[in-house]
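Below, chain A is the first sequence line, B the second, and so on; all start at residue 1.
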Amino acid sequence: MNKLNISQIISDGRLSQEYEVNAWVKAFRNDRFLALNDGSCLANLQCVINPDDYNSEFLKKVSIGCSVNVKGTLVESQGKGQTVEIEVESISVLGHANSDDVRKTILSPKKHSLEKLREQAHLRVRTNTFGAVMRLRSKLSFAVHEYFQKNNFQYVTTPIITNSDAEGAGEAFTVTNLDLKAIPKTTAGEVDFKKDFFGKQANLTVSGQLEAETYALGLGKVYTFGPTFRAENSNTTRHLSEFWMIEPEVAFCDLEGNMDLAQDFITYVINYALKNCREDLQFLEDRLIKEESALPKQQRSELSLIEKLEFVVNNQFKRVSYTEAIDILKNSKPNKKKKFEFPIHEWGADLQSEHERFLVEKHFKCPVILYDYPANIKAFYMRLNEDQKTVRAMDVLFPGIGEIVGGSQREERLDVLVEKMDKLSISKEELWWYIDTRKFGTCEHSGFGLGFERLVQFVTGMNNIRDVIPYPRTPKNLDF
RNA sequence: UCCUCAGUAGCUCAGUUGGUUAGAGCAUCUGACUGUUAAUCAGAGGGUCACUGGUUCGAGUCCAGUCUGAGGAGCCA
């Protein structure tokens, strides 16, 4: 008897062979047809019993949501929905599911809104949609490691508890051991972090970049892939308080190399999904088409999900400097007709979502890499250009989700870096180790951060980021 | 944090100018049927109308506040 998972049985199972399956009941029709799913793939395995062989007491216990053990023979299916099925020789219920209780959960066999599924995040993984999304998430994270390992990057785990929040990446969560009912204060009335666990203020990391840079200047090519925390009060479909970020960092690499890497990397992982997750992608595509069929034609997507992914892997990302982008936006129809909420008047303005969306979705109609931004709207560590007013920064913008990558060539010149830190009042004392790397064999180097959930969003077509992570953490939401 | 919208059965929603006993579909239960694919057919049960207060003879409906959710904006990945 072979104990395989359902995905293996459906793809590699041999007719007339006996198999044993542990799975959950998705449907039980006519007291005869069991649709079983074990999470290994989207498809259910149909198992057929002869109801005459069982008393009605037992059949009642085989209900939706319960877990079962089934032994039987694989045969060709007489029905239309599947090619093979299991002719059941024995079945036992491992874990019961009271149908009156099931009725109150999202396991009940009917359509549920994504909002309702979110409220029962512990059960939503058993739905087709979340099974597909989570299998894709798993495959994508494998592809991330595979890409970097194949290209001679070293995986670096940067600290999750840190001392620095100086990168301007956003508000950090404080980690403390202090008695919150009796917080020690200094004579100046401030919290006395000297009494805290680490003897200084500790935060959850908002980015592993600075640490990754130091490792790149020793290991050459490195990447991080780990949890990241932002205490921003962001309530959008593309922000989480806890998310996973991928941050490659490469020594002896300029901004062009960085843009090449970003595109090559993204193309690789999307290709991986296209090759290895076809069934789940097809399901998600069908789901989107159904969802959009309610909308007027103009609002529907021009490309289906799979077409969209194929378009991205088969076309170059459009590379446009900030200065070129401003020209395009200045002369654009919506700007002239005053359709932008924030009209573009002059060089130096920060781009708003509406501008990024115009460039990506209307003007170029493909992923866009914007680079060479004004220095004063970007972070201190980005390399200053010869023009003295722009920095070697780049953002990769994707349709629907906006910024998926933010990166730059780093300022490797000690004097320029220190001057910039002084100007922005960034503590040189705290970041002495970062400055040190510019003293000992400094070299040009570059890197970027990619929000993993935004990538999963793009590939799965899910439009809320809370639906591509098992247990989303957002302001006022820490359930599960 | 700001703007907009929403909260009525397990779920999705309807509920008229404020007026009798708050409705439908799905789900659940009972029965029938038995090669079904969200099975089908017949019947039944199921409600703190988000919460608190107010206006009124009378509030699901009007007003105020609170909470929660969604969409958009800002911040960003």
Side-chain angles (χ1 to χ4, degrees), chain A residues 26-35 43-52 56 59-60 63-65 75-82 85 87 97-120 127-128 167-171 206-209 227-247 262 340-342 350-354 356-357 377-379 395-398 401-407 448-458 463-469 474-477 479:
Chain A
K26 294 289 288 268
F28 187 29
R29 291 180 285 268
N30 277 13
D31 281 354
R32 186 182 290 271
F33 304 103
L34 277 160
N44 297 327
L45 179 66
Q46 172 150 288
C47 298
V48 185
I49 63 167
N50 183 353
D52 300 337
S56 61
L59 292 177
K60 248 180 228 173
S63 57
I64 289 167
V75 298
E76 250 177 86
S77 177
Q78 300 169 36
K80 280 185 183 154
Q82 56 285 316
E85 63 194 22
E87 209 169 75
N98 178 286
S99 47
D100 210 43
D101 294 336
V102 165
R103 183 175 74 101
K104 292 176 186 167
T105 73
I106 52 138
L107 296 177
S108 61
K110 65 179 298 293
K111 271 220 153 81
H112 299 279
S113 64
L114 291 170
E115 291 82 6
K116 188 51 63 180
L117 295 178
R118 235 168 270 154
E119 287 170 17
Q120 297 179 34
T127 63
N128 288 334
E167 296 125 57
E171 291 291 309
V206 292
S207 165
Q209 182 200 314
T228 310
F229 308 87
R230 303 263 169 102
E232 298 286 345
N233 195 0
S234 300
N235 294 287
T236 77
T237 53
R238 55 192 190 285
H239 287 88
L240 291 166
S241 308
E242 176 183 294
F243 64 100
W244 286 65
M245 188 153 64
I246 296 149
E247 295 179 287
F340 284 141
E341 194 185 337
F342 301 94
D350 209 349
L351 299 182
Q352 310 288 323
S353 319
E354 58 178 347
E356 296 180 350
R357 270 208 313 273
I377 60 170
K378 288 290 181 184
D395 284 351
V396 180
L397 308 177
F398 263 38
I401 48 175
E403 187 179 340
I404 193 167
V405 162
F448 61 81
L450 180 143
F452 182 58
E453 281 76 17
R454 289 190 182 173
L455 178 69
V456 181
Q457 255 188 294
F458 184 75
N463 54 42
N464 194 319
I465 200 165
R466 294 161 213 175
D467 296 331
V468 297
I469 187 165
T474 53
K476 298 281 180 292
N477 177 14
D479 291 332

Trainee: Please give the distance between the P atoms of B:rU20 and B:rC11 as a whole number of Å.
Mentor: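 Roughly 26 Å separates the two P atoms.
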Trainee: Main chain of A:Ser234, side chain of A:His239: is a donor-acceptor contact present, judged purely on distance under 3.5 Å?
Mentor: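 Looks like no, no N/O pair under 3.5 Å.
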Trainee: What's the gap between B:rG15 and B:rU61 when it is taken at their P atoms, as a whole Å value?
Mentor: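 One P to the other, the span is 14 Å.
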Trainee: Does A:Gln78 make a side-chain donor-acceptor contact with the base of B:rG35, cut-off 3.5 Å?
Mentor: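 Answer is yes: a donor-acceptor pair is held.
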Trainee: Is any N or O donor-acceptor pair between the side chain of A:Ser108 and the base of B:rC11 shorter than 3.5 Å?
Mentor: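 No, no donor-acceptor pair under 3.5 Å.
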Trainee: Looking at A:Ser353, does any N or O in its side chain come under 4.0 Å of the phosphate oxygens OP1/OP2 on B:rG72?
Mentor: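 Checking A:Ser353 against B:rG72: no side-chain N or O falls below 4.0 Å of OP1 or OP2.
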Trainee: Do A:Arg230 and B:rA77 share a donor-acceptor pair, side chain to base, under 3.5 Å?
Mentor: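 Flag set: donor-acceptor pair detected.
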Trainee: If we require ring centres under 5.5 Å and near-parallel planes under 30°, does A:Phe452 stack on B:rA77?
Mentor: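 Whether judged by distance or by angle, A:Phe452 falls short somewhere, so it does not stack on the base of B:rA77.
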Trainee: Using Watson-Crick or G-U wobble geometry with both distances under 3.5 Å, which nucleotide pairs with B:rC49?
Mentor: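 The base-pairing partner of B:rC49, which may sit in any strand shown, does not exist here.
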Trainee: A:Arg357 side chain N/O closer than 4.0 Å to the phosphate oxygens (OP1, OP2) of B:rA73?
Mentor: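 For B:rA73, OP1/OP2 do have a side-chain N/O of A:Arg357 under 4.0 Å.
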Trainee: Expressed in angstrom and rounded to an integer, what is the separation of A:Asp100 atom CG from B:rU30 atom C1'?
Mentor: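 Roughly 13 Å, once rounded to whole Å.
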Trainee: With respect to the side chain of A:Ser113, which nucleotide from B:rU12, B:rC76, B:rG35 is positioned closest?
Mentor: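 Selected nucleotide (nearest to the side chain): B:rU12.
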Trainee: Would you say the side chain of A:Ile246 lies within less than 4.5 Å of the side chain of A:Trp244, judging by non-hydrogen atoms?
Mentor: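 The answer is no; the side chains never approach within 4.5 Å.
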Trainee: Would you mind classifying the nucleic acid contact of A:Gln457 as base, sugar-phosphate or nothing, using non-hydrogen atoms under 4.0 angstrom?
Mentor: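 No contact.
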Trainee: Pick the P atom in B:rA27 and in B:rG72, then give their distance to the nearest Å.
Mentor: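 Straight-line distance between the two P atoms is 32 Å.
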Trainee: When you check the phosphate oxygens OP1 and OP2 of B:rU68, does a side-chain N or O of A:Arg118 lie under 4.0 Å from one of them?
Mentor: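 So the side chain of A:Arg118 is outside the cut-off, no N or O lying under 4.0 Å from OP1 or OP2 of B:rU68.
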Trainee: Are A:Asn235 and B:rG74 close enough that a side-chain N or O sits under 4.0 Å from OP1 or OP2?
Mentor: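 Indeed not, no polar side-chain atom of A:Asn235 lies that close.
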Trainee: Output the rounded distance in Å from NZ (A:Lys80) to C1' (B:rA38).
Mentor: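 So the NZ-C1' distance, A:Lys80 to B:rA38, works out to 18 Å.
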Trainee: Is there side-chain contact between A:Asn235 and A:Thr474, with at least one heavy-atom pair below 4.5 Å?
Mentor: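 A:Asn235 does not reach A:Thr474 side chain to side chain.
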Trainee: Rounded to the nearest angstrom, tell me the gap between atom CZ in A:Phe28 and atom P in B:rG35.
Mentor: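 It works out to 14 Å between those atoms.
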Trainee: Both distances below 3.5 Å, Watson-Crick or wobble geometry, any strand: find the nucleotide opposite B:rC33.
Mentor: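 B:rC33 is paired with nothing.
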Trainee: Could you please name the partner base of B:rG7, counting Watson-Crick and G-U wobble pairs only when both distances are under 3.5 Å?
Mentor: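 Pair assignment: B:rG7 / B:rC67.
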Trainee: Can you check whether A:Ser99 has a side-chain N or O nearer than 4.0 Å to OP1 or OP2 of B:rC29?
Mentor: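 Answer is yes, contact under 4.0 Å.
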Trainee: Select one nucleotide: of B:rU1, B:rC11, B:rA77, the one nearest the side-chain heavy atoms of A:Asn233.
Mentor: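 Comparing B:rU1, B:rC11, B:rA77 against the side chain of A:Asn233, the answer is B:rU1.
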Trainee: Given B:rU36, B:rA77, B:rA73, which nucleotide is nearest the side-chain atoms of A:Thr236?
Mentor: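 The closest nucleotide is B:rA73.
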Trainee: Expressed in whole Å, how much space separates the C1' atoms belonging to B:rG45 and B:rG60?
Mentor: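 Nearest-Å result for B:rG45 against B:rG60 at atom C1': 23 Å.
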Trainee: Within the pair A:Gln46 and B:rU37, is there a side-chain N or O less than 4.0 Å away from OP1 or OP2?
Mentor: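 No, no such contact exists.
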Trainee: Rounded off to whole Å, could you give me the CD-to-C1' distance for the A:Gln120 and B:rA27 pair?
Mentor: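 About 13 Å, once rounded to whole Å.
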Trainee: Tell me, do A:Val102 and A:Ser63 make a side-chain contact under 4.5 Å, heavy atoms counted?
Mentor: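 No, their side chains stay 4.5 Å or more apart.
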Trainee: Measuring from A:Phe28:CZ to A:Ser99:OG, what's the distance to the nearest 0.5 Å?
Mentor: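 Between atom CZ of A:Phe28 and atom OG of A:Ser99 there are 12.5 Å.
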Trainee: Closest approach to the side chain of A:Ile64, judged atom by atom: which nucleotide of B:rA70, B:rA39, B:rU28 is it?
Mentor: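 Within the option list, the nearest is B:rU28.
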Trainee: Below 4.0 angstrom from OP1 or OP2 of B:rU36, is there any side-chain N or O of A:Asn30?
Mentor: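 So the side-chain polar atoms of A:Asn30 never come under 4.0 Å of the phosphate oxygens OP1 or OP2 of B:rU36.
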Trainee: For atom P, what is the distance between B:rG69 and B:rC63, given to the nearest Å?
Mentor: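 Nearest-Å result for B:rG69 against B:rC63 at atom P: 24 Å.
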Trainee: Which nucleotide in the list B:rG69, B:rA73, B:rA27 gets nearest to the side chain of A:Pro109?
Mentor: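 That would be B:rA27.
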Trainee: Does any donor atom in the side chain of A:Ser207 or A:Glu247 lie under 3.5 Å from an acceptor atom in the other side chain?
Mentor: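 Yes, A:Glu247 and A:Ser207 have a side-chain donor paired with an acceptor closer than 3.5 Å.
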Trainee: Check every strand shown and say whether A:Val102 touches a base, only sugar-phosphate, or nothing at a heavy-atom separation below 4.0 Å.
Mentor: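 Touches nothing.
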Trainee: Say you pick atom C1' in B:rC62 and the same atom in B:rC49; how far apart are they, in whole Å?
Mentor: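 Roughly 15 Å separates the two C1' atoms.
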Trainee: Could you check A:Gln82 against A:Lys111 and say which one's nearest nucleotide on RNA chain B is further toward the 5' end?
Mentor: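 Upstream on the strand: A:Lys111.
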Trainee: Rounding to an integer number of angstrom, what distance separates B:rA64 and B:rA24 when you compare their C1' atoms?
Mentor: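 Rounded to whole Å, the distance is 33 Å.
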Trainee: Partner lookup for B:rA73, please. Criteria are Watson-Crick or G-U wobble with both distances under 3.5 angstrom; report none if nothing qualifies.
Mentor: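 B:rU1 - that is the nucleotide pairing with B:rA73, both distances being under 3.5 Å.
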Trainee: Could you check whether any side-chain heavy atom of A:Ile49 comes within less than 4.5 Å of a side-chain heavy atom of A:Asp31, counting everything from C-beta outward?
Mentor: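 A:Ile49 vs A:Asp31: side chains apart.
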Trainee: How many whole angstroms separate atom CD of A:Glu356 from atom P of B:rC75?
Mentor: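 A:Glu356 atom CD is separated from B:rC75 atom P by 9 Å.
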Trainee: Measure the distance from CD on A:Glu341 to P on B:rC2 and round it to the nearest whole Å.
Mentor: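 Going from A:Glu341 (CD) to B:rC2 (P), I get 17 Å.
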Trainee: For a quick test of reading the model: is some side-chain N or O of A:Lys116 closer than 4.0 Å to OP1 or OP2 of B:rC11?
Mentor: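 Yes, because at least one side-chain N or O of A:Lys116 sits under 4.0 Å from OP1 or OP2 of B:rC11.
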Trainee: As a test of reading the structure: which of B:rG74, B:rU34, B:rA27 is closest to the side chain of A:Arg32, going by heavy atoms?
Mentor: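 Of the candidates, B:rU34 comes closest.
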Trainee: Can you tell me the distance, in whole Å, between the NZ atom of A:Lys104 and the P atom of B:rA9?
Mentor: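 Those two atoms, NZ and P, are 13 Å apart.
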Trainee: Does a side-chain N or O from A:Arg29 land closer than 4.0 Å to OP1 or OP2 of B:rU36, or not?
Mentor: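 No, no such contact exists.
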Trainee: Quick check on RNA chain B: between A:Leu450 and A:Arg103, whose nearest nucleotide comes earlier from the 5' end?
Mentor: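 Residue closer to the 5' terminus by nearest nucleotide: A:Arg103.
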Trainee: Just name whichever nucleotide pairs with B:rA59, Watson-Crick or G-U, keeping both distances under 3.5 Å, else none.
Mentor: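 Partner of B:rA59: none.
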Trainee: Can you find a pair of side-chain heavy atoms, one from A:Leu45 and one from A:Glu85, that are under 4.5 Å apart?
Mentor: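 Not in contact.
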Trainee: Any side-chain heavy atom of A:Pro475 sitting closer than 4.5 Å to one from A:Ser241?
Mentor: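 Touching, per the 4.5 Å side-chain cut-off.
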Trainee: Is the distance from OP1 or OP2 of B:rA70 to the nearest side-chain N or O of A:Arg466 less than 4.0 Å?
Mentor: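 Yes, A:Arg466 has a side-chain N/O under 4.0 Å of OP1/OP2 on B:rA70.
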